[in-house]
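Every heavy atom of this structure was used, including side-chain atoms; hydrogens, water molecules and symmetry mates were not. First the proteins, then the strands, lettered A, B, ... as listed; each starts at 1.
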Protein chains: 4
Amino acid sequence: MQVLDDQKRLKIIAAAAELFAAQPFHKVLLSDVAEAAGVGKGTLYIYFKNKDDLYLSVLYSGFSQLLDQLRETIDQNLQDPMQNLESVIRELVRFAYQNPHMYELMRAVSWHQVAKHAEWGAKRAELRGLIESIIRQGIEGGVFDDPHPELTARFIPNLVRSVMIESSPAVDQYTLVEHILRFTRSALTAKEPKICLEK
Amino acid sequence: MQVLDDQKRLKIIAAAAELFAAQPFHKVLLSDVAEAAGVGKGTLYIYFKNKDDLYLSVLYSGFSQLLDQLRETIDQNLQDPMQNLESVIRELVRFAYQNPHMYELMRAVSWHQVAKHAEWGAKRAELRGLIESIIRQGIEGGVFDDPHPELTARFIPNLVRSVMIESSPAVDQYTLVEHILRFTRSALTAKEPKICLEK
Amino acid sequence: MQVLDDQKRLKIIAAAAELFAAQPFHKVLLSDVAEAAGVGKGTLYIYFKNKDDLYLSVLYSGFSQLLDQLRETIDQNLQDPMQNLESVIRELVRFAYQNPHMYELMRAVSWHQVAKHAEWGAKRAELRGLIESIIRQGIEGGVFDDPHPELTARFIPNLVRSVMIESSPAVDQYTLVEHILRFTRSALTAKEPKICLEK
Amino acid sequence: MQVLDDQKRLKIIAAAAELFAAQPFHKVLLSDVAEAAGVGKGTLYIYFKNKDDLYLSVLYSGFSQLLDQLRETIDQNLQDPMQNLESVIRELVRFAYQNPHMYELMRAVSWHQVAKHAEWGAKRAELRGLIESIIRQGIEGGVFDDPHPELTARFIPNLVRSVMIESSPAVDQYTLVEHILRFTRSALTAKEPKICLEK
DNA sequence: TATGAATGAGGATTCATTCAT
DNA sequence: TATGAATGAATCCTCATTCAT
């Protein structure tokens, strides 16, 4: 199970990602994955423990990528929470449009499965933590107001999801970013919305 | 395939809902469903075309129930958009807490499947339409401001979802409602958040 | 199991005959038979013990009919063996054209099954016996010459079968009768074919 | 579905032939076939598309064997039609006695099925064609007289069949050959049987 | 390491048969 | 007698997994 050829491992993950995104787990045949990846069926078992492991690895890989990109972006923004929030949202949407499969994929993760693949759960928590810490920074800095940052941190990636998951209306990337930004900003910054409106 | 005994049909759907919510699709055995429903295996095939159809029917049934409850609530509120929005959110959360299965269930719906079960997609669109029309009413009445009600309509049910889908933090129902309300209200009413903040 | 309504019994047999002739035994569903006969599925079990019994009854019925017609024809010819042989062949072909199903049906009788339905085997033997006795009469009368009438008696119905079983060439009834007659007559009467040819 | 190991394929066909001959199609379990062939159940599906395909393949294989043997025999006889006819009949009977299953097997072939397995129908036509061409040669050479060789070609294999299909009388191979030869020869050579007899 | 033929446990589905009405 | 909804035993077939090469 030692990974010797990372190139091949990635080829398999890429092929599997596409297939898992297009069909429910039980309709994806490992023979199809092998063929799509251009390897033998047996080879899959050299790189992955079993079908479940392959599936979770696909997700894990995608998620890791997303997290790496997010962290990179945020690091450049130093400590401006609002700008960080914007960057995160922009990056989430960008990633969603670049990897249309991923959201469809995550759809099917059951927590039943994740239990067996602890690293995966960790990554997911990491994303939440990252967003949550940005919000907390904003709160500390007096820029944001939010009684439950741990909930809001869950909301944000799901706003992207809401749109990606259903193919129908084909919102363009720019509009989606703007709308989510508008939605989120107002929720986090409007300290006294009622007063504001009354004016 | 004619529906013969609606009582029995519901008994099967209820049993299946529980099982499908607890395990991924391919781990749910029809023999288990039959046993749980207290009917013979063959009986399932009198009421449902096959396993896929049963699964989608479970979802459809849950969704219909939710929609019925939503509509009932809204009818009582007459034409106050803000109150309607609140009711919808309250009802969505209430339903989520009452049917913890449903969200776990919908997790696994792929749009690939839904295509074959057109009614299902229709129900889903109906929910979106219901929320969207409330927002539009609010906009017309000058209470809300939202450049993309069709996107916001997708956001709202997903805010509930974001929390329900992950079992960990066990937010209480009341807190969740309040947070979503806060989030949504500010997003829909803050006409000029930037000005507001600058003041 | 007492037969009360012979009309209904015949309706079932007729419907079953058509279906059994068109498809192999295991592809014929009793629900189809019931529907084709215009009765309920349960009704089949009032008139027949089970699927096998229905199948054999269909055959038995067809065979009985054929035998009755043959015997009727022969009785009228009194004791002329050649004329009787001709009549039998003519009648066999006529029956085959009138009941195109029957030959296709008999195709599928396994002797395994017949063992359980003794009457059926008896009918079949009766047909052979009838033809054999005509040949023996001819031999006794010096008209025929045949060292193995019991074999020839098996040949004759199979000559009809050879053509009926394959739908392709669509031989007309008249030609078929003439050819079988020619074939059989020469085989039974040509006492010294070699001499005949040398002449 | 590529044929991987012809040895194994033949082993399966042989095992299946025996079982299909002994019981009607629907009583033969693929698990039994697998066990009899000494392979796993899944292996059957590597070599054959499904149960129907296996069944038809068994027939096809038997028929091909018969045809090969017939052609071999005929080639050795050069152009003597009478001798060829005798050889064919002798070979047909020999094959029938050597492969008592085959006739029982073919019993159950419906033309409905054959349509899906075109090669099979072709083989069957080939046998007819082979016999027909022998008769036509004889007619051209003035040895035979037959107004419908295409019908006679269908008669001949069925003469063998008539006896093989019913287990009861146990005619010995020699007697059967002689009787069929007698029957066929006289039918094909008796130019004017009536004149001949009158003499 | 890489393969893909072989495997067989597992599960969806069918359909003859029953039986309450 | 007539029915057809309900049944579950029976069986085909799938497909993840193994392992000899």
field: Where Phe63(D) and Lys123(D) come nearest, the two heavy atoms and their spacing
entry: CE2-O, 3.8 Å
statement: Contacts of Leu44(B) and Lys8(C) projected onto DNA chain F by closest heavy atom; the upstream (5') one is Lys8(C)
message: What is the distance, to the nearest angstrom, from the CG atom on Asp53(D) to the P atom on dC13(F)?
response: 10 Å
message: Rounded to whole Å, how long is the line connecting atom CG of Leu54(D) with atom C1' of dC13(F)?
response: 13 Å
- prompt: Roughly, in whole Å, what's the span from NZ in Lys11(D) to P in dA5(E)?
  reply: 17 Å
task: Measure up the Phe20(A) and Tyr55(A) rings against each other and bin them: parallel (under 30°), tilted (30 to 60°), perpendicular (over 60°).
output: perpendicular
- prompt: Between dG8(E) atom P and Asp32(D) atom CG, what is the distance in whole Å?
  reply: 15 Å
- prompt: To the nearest angstrom, how far is Phe48(D) atom CZ from dC12(F) atom P?
  reply: 15 Å
- line: Atom CG of Asp5(B) and atom P of dT7(F) are separated, to the nearest Å, by 11 Å
query: What integer distance in Å separates Leu19(D):CG from dC12(F):P?
result: 12 Å
- request: Report the distance from atom CD1 of Ile13(A) to atom CZ of Phe48(A), rounding to the nearest 0.5 Å.
  value: 4.0 Å
Shortest non-hydrogen separation from Gln23(C) to Lys27(C) and the atoms involved: OE1-O, 3.2 Å
field: Lys/Arg N to Asp/Glu carboxylate O, Asp5(C) vs Lys11(C), below 4.0 Å
entry: no
field: Ser61(D) side-chain N/O to Ser57(D) backbone N/O, donor-acceptor pair under 3.5 Å
entry: no
- request: Summarise protein proximity over nucleotides 13-21 of chain E in one line of letters, 5' to 3': B for base, S for sugar-phosphate only, - for none, counting protein heavy atoms closer than 4.0 Å.
  value: BBSSBB---
field: Lys51(A) to Phe25(A) six-membered ring, cation-pi geometry met (6.0 Å, 45°)
entry: yes
- prompt: Quick one: is Tyr47(B) getting a side-chain N or O under 4.0 Å of the dA6(F) phosphate, OP1 or OP2?
  reply: yes
query: So which one's nearest nucleotide on DNA chain E is more toward 5', Gly38(A) or Gly38(D)?
result: Gly38(A)
statement: Pairing string of DNA chain F (Watson-Crick or G-U wobble, both atom distances under 3.5 Å; | = paired to other strand) is .||||||||||||||||||||
message: When you measure from the side chain of Ser64(C) to the backbone of Tyr60(C), do you find a donor-acceptor pair of N or O atoms at a distance under 3.5 Å?
response: yes
message: So if I apply the side chain to side chain contact (heavy atoms under 4.5 Å, CB included) rule between Ile12(C) and each of Val58(C), Ile46(C), Leu44(C), which one comes out positive?
response: Leu44(C)
